[in-house]
Chemist: 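Could you have a look at this structure, given as structure tokens, before my questions?
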Amino acid sequence: PAPGMESLPEAVLIRILASIPAVELVLVCRLVCCQWKNLVDGAALWILKCQQEGLTRAESDAENWQNFYFLSKKRKNLIKNPCGEEDLEHWGEVENGGDGWKIEELPGDFGKEFPSEEVHKYFVTSYEWCRKAQVIDLRAEGYWEELMDTTQPKIMVRDWYAGRSDAGCLYELCVKLLSENEDVLAEYKSETVTIPQDNDASWTEISHTFSSYGPGVRFVRFEHGGQDTLFWKGWYGVRVTNSSVTVEP
């Protein structure tokens with residue numbers, strides 16, 4: 001009989017396997033035989049796939065190249081409608097203090113342009129507390145339980161806020177990592193940021209990275225909000241936009 005693929009040098013077989021879509025490698029190819037399973041579970045194949053697709057990391061950081069590959073390919077902002085392009089769609093548990101939330105075009109009255117040209121709108125608060133939240137289902141986004149429990153990839157949270165130059169305001173951010181039963185496993189809560197009246201209206205980024213948070217995380221709950229400090233009718237409170245939650249490779 002003609003020699004089969006098992007007779008190929010391992011380096012050649014790895015190059016052949018690297019041309020196969022990643023999901024098929026894990027779900028199909030690793031079930032073919034012990035040799036293929038070992039190659040799919042090993043680092044060399046995934047290092048090659050990362051190189052082929054321009055996914056880079058420091059060798060010293062390499063713990064699980066397969067997870068790094070999948071996390072890099074999946075990496076995206078898990079917050080839906082972060083800039084108000086769809087009004088308040090996807091935002092739940094909305095608290096509409098004063099005259100409630102409003103969406104405005106950048107830069108807005110007494111405001112400044114956002115640092116990125118890709119952002120065109122923002123949410124703005126009123127004269128009593130306005131809050132809104134999103135709950136991200138990590139499994140629904142493709143982050144499987146073993147990955148979250150064992151690898152515990154870093155979860156990066158970012159938000160942007162600004163005041164208008166003629167009014168003072170308050171801002172808060174609170175993010176929780178939740179279990180299956182929505183128990184709080186880790187939490188980040190900013191201080192209450194006070195922006196004075198006659199500020200320069202510049203946009204400020206706030207960020208936090210969750211790591212080594214333990215097993216069981218299934219949801220991320222993102223909540224932010226604020227109000228003005230002058231109690232003027234209308235929308236003189238803090239402005240927020242470009243919120244993001246990403247699972248990092």
Side-chain angles (χ1 to χ4, degrees), residues 74-106 108 114 116 118-145 147-148 153-163 169-193 203-210 213-214 216-228 234-248:
K74 282 183 175 296
R75 190 179 185 277
K76 66 174 182 177
N77 185 5
L78 301 176
I79 292 285
K80 296 178 173 63
N81 186 28
C83 304
E85 297 289 349
E86 302 171 72
D87 198 50
L88 282 168
E89 189 73 21
H90 304 295
W91 292 96
E93 303 177 57
V94 177
E95 181 180 340
N96 279 310
D99 287 321
W101 287 97
K102 185 183 179 185
I103 290 87
E104 294 180 346
E105 298 272 350
L106 279 157
F114 192 76
S116 168
E118 297 176 0
V119 178
H120 305 290
K121 295 183 179 182
Y122 58 82
F123 303 90
V124 57
T125 59
S126 191
Y127 59 87
E128 292 179 354
W129 271 96
C130 298
R131 292 183 175 87
K132 59 187 177 69
Q134 275 192 44
V135 177
I136 298 162
D137 184 337
L138 292 169
R139 284 174 299 191
E141 296 292 345
Y143 298 98
W144 57 99
E145 295 181 3
L147 175 75
M148 299 307 302
K154 292 179 181 178
I155 299 174
M156 173 73 79
V157 177
R158 294 185 178 91
D159 200 20
W160 288 82
Y161 64 89
C169 59
L170 305 176
Y171 165 83
E172 286 182 1
L173 171 67
C174 181
V175 185
K176 299 176 182 179
L177 305 186
L178 306 177
S179 71
E180 178 78 39
N181 299 320
E182 300 193 6
D183 299 318
V184 178
L185 302 181
E187 179 177 6
Y188 168 75
K189 187 169 185 178
S190 73
E191 62 180 356
T192 301
V193 178
W203 286 92
T204 300
E205 183 184 38
I206 184 171
S207 66
H208 177 75
T209 301
F210 291 97
Y213 39 77
V217 171
R218 301 292 178 263
F219 303 94
V220 180
R221 185 182 186 277
F222 179 103
E223 179 187 295
H224 62 180
Q227 67 170 93
D228 78 37
W235 296 274
Y236 293 85
V238 73
R239 300 166 170 185
V240 294
T241 195
N242 206 37
S243 311
S244 68
V245 172
T246 55
V247 179
E248 299 292 314

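Only heavy atoms go into these numbers, but all of them, side chains included; no hydrogens, no water, no symmetry mates. No experiment lies behind these values; they were computed from the predicted model shown.
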Chemist: I would like to know whether Thr125 and Gln227 meet side-chain hydrogen bond (donor to acceptor under 3.5 Å, both in side chains); could you show each step before the answer?
Modeler: CA-CA 5 Å; Thr125 59; Gln227 67 170 93; over 6 Å; no
Chemist: Tell me every residue that passes side chain to side chain contact (heavy atoms under 4.5 Å, CB included) with Leu185, counting only those two or more places apart in sequence or in another chain.
Modeler: Ser179, Val217
Chemist: Let me confirm one number: the CH2-CZ distance from Trp91 to Phe222, rounded to the nearest 0.5 Å.
Modeler: 5.0 Å
Chemist: With rounding to the nearest 0.5 angstrom, report the NZ to CZ distance, Lys102 to Arg239.
Modeler: 10.0 Å
Chemist: Test side chain to side chain contact (heavy atoms under 4.5 Å, CB included) on His120 and Cys83; report intermediate values, then the result.
Modeler: CA-CA 7 Å; His120 305 290; Cys83 304; over 6 Å; no
Chemist: Of the non-hydrogen atoms in Asp87 and Phe123, which two are nearest, and what is the gap between them?
Modeler: O-CE2, 3.4 Å
Chemist: Please list, chain by chain and in numerical order, all residues satisfying salt bridge (charged side-chain N to carboxylate O under 4.0 Å, His left out) with Glu248, sequence neighbours excluded.
Modeler: Arg75
Chemist: Give the minimum heavy-atom separation between Cys169 and Gly237, together with the two atoms involved.
Modeler: CB-C, 3.8 Å
Chemist: Test of understanding: with side chain to side chain donor-acceptor pair (under 3.5 Å), list the residues that count as partners of Asn242, not counting sequence neighbours.
Modeler: none
Chemist: So, does Asn181 use its side chain to make a donor-acceptor pair with the main chain of Asp183 at under 3.5 Å?
Modeler: no
Chemist: Can I get a per-line list of side-chain donor-acceptor pairs under 3.5 Å for residues 130-143, giving both atom names and the distance, sequence neighbours left out?
Modeler:
{"residue": "Arg131", "atom": "NH1", "partner": "Glu95", "partner atom": "OE1", "Å": "3.2"}
{"residue": "Lys132", "atom": "NZ", "partner": "His224", "partner atom": "NE2", "Å": "2.8"}
{"residue": "Gln134", "atom": "OE1", "partner": "Lys80", "partner atom": "N", "Å": "3.1"}
{"residue": "Gln134", "atom": "NE2", "partner": "Lys80", "partner atom": "O", "Å": "2.5"}
{"residue": "Asp137", "atom": "OD1", "partner": "Arg139", "partner atom": "N", "Å": "3.2"}
{"residue": "Asp137", "atom": "OD1", "partner": "Ala140", "partner atom": "N", "Å": "3.2"}
{"residue": "Arg139", "atom": "NH1", "partner": "Glu145", "partner atom": "OE2", "Å": "2.8"}
{"residue": "Arg139", "atom": "NH1", "partner": "Glu180", "partner atom": "OE1", "Å": "2.8"}
{"residue": "Arg139", "atom": "NH2", "partner": "Glu180", "partner atom": "OE1", "Å": "2.7"}
{"residue": "Arg139", "atom": "NH2", "partner": "Glu180", "partner atom": "OE2", "Å": "3.2"}
{"residue": "Glu141", "atom": "OE1", "partner": "Lys76", "partner atom": "NZ", "Å": "3.3"}
{"residue": "Glu141", "atom": "OE2", "partner": "Lys80", "partner atom": "NZ", "Å": "3.0"}

Chemist: Does Leu177 form a side chain to side chain contact (heavy atoms under 4.5 Å, CB included) with Ile155? I'd like the steps, not just the answer.
Modeler: CA-CA 9 Å; Leu177 305 186; Ile155 299 174; 4.0 Å; yes
Chemist: For the pair Thr246 (side chain) and Asn77 (backbone), establish whether a donor and an acceptor sit closer than 3.5 Å, ignoring hydrogens and angles.
Modeler: no
Chemist: Check Trp144 against Lys74 and note the closest heavy-atom contact, atom names and distance.
Modeler: CZ3-CE, 4.2 Å
Chemist: Partners of Ser243 by side chain to side chain donor-acceptor pair (under 3.5 Å), sequence neighbours excluded?
Modeler: Asp159
Chemist: Going by salt bridge (charged side-chain N to carboxylate O under 4.0 Å, His left out), name the residues that satisfy it together with Glu205, two or more places apart in sequence or in a different chain.
Modeler: Arg158
Chemist: Using every non-hydrogen atom in the two residues, find where Ser207 and Met156 come nearest and quote the distance to one decimal.
Modeler: CB-SD, 4.5 Å
Chemist: Using every non-hydrogen atom in the two residues, find where Thr241 and Phe114 come nearest and quote the distance to one decimal.
Modeler: CG2-CE1, 3.6 Å
Chemist: So do the side chains of Tyr213 and Met148 get within less than 4.5 Å of each other, counting heavy atoms only?
Modeler: yes
Chemist: I'd like to know whether Phe219 forms a side chain to side chain contact (heavy atoms under 4.5 Å, CB included) with Lys176, so could you lay out the CA-CA distance, the side-chain angles of the two residues, the decisive distance to 0.1 Å, and finally the verdict.
Modeler: CA-CA 8 Å; Phe219 303 94; Lys176 299 176 182 179; over 6 Å; no
Chemist: Could you tell me which residues satisfy ring pair (Phe, Tyr, Trp, His ring centres under 6.0 Å) with Trp101, sequence neighbours excluded, listed by chain and number?
Modeler: none
Chemist: Show the nearest heavy-atom pair for residues Asp99 and Trp235, with the distance to one decimal.
Modeler: O-NE1, 3.6 Å
Chemist: Within the 4.5 Å heavy-atom criterion, are Tyr122 and Val238 side-chain neighbours or not?
Modeler: no
Chemist: For Tyr188, give me all partners under ring pair (Phe, Tyr, Trp, His ring centres under 6.0 Å), at least two apart in sequence or on another chain.
Modeler: His208
Chemist: Between the side chains of Arg221 and Glu223, is the shortest nitrogen-to-carboxylate-oxygen separation below 4.0 Å, so that they form an ion pair?
Modeler: yes
Chemist: Go through the structure and list residues passing side chain to side chain contact (heavy atoms under 4.5 Å, CB included) with Glu89, not counting sequence neighbours.
Modeler: Asn81, Glu86
Chemist: Among residues at least two apart in sequence or on other chains, which ones pass side chain to side chain contact (heavy atoms under 4.5 Å, CB included) with Thr204?
Modeler: Tyr161
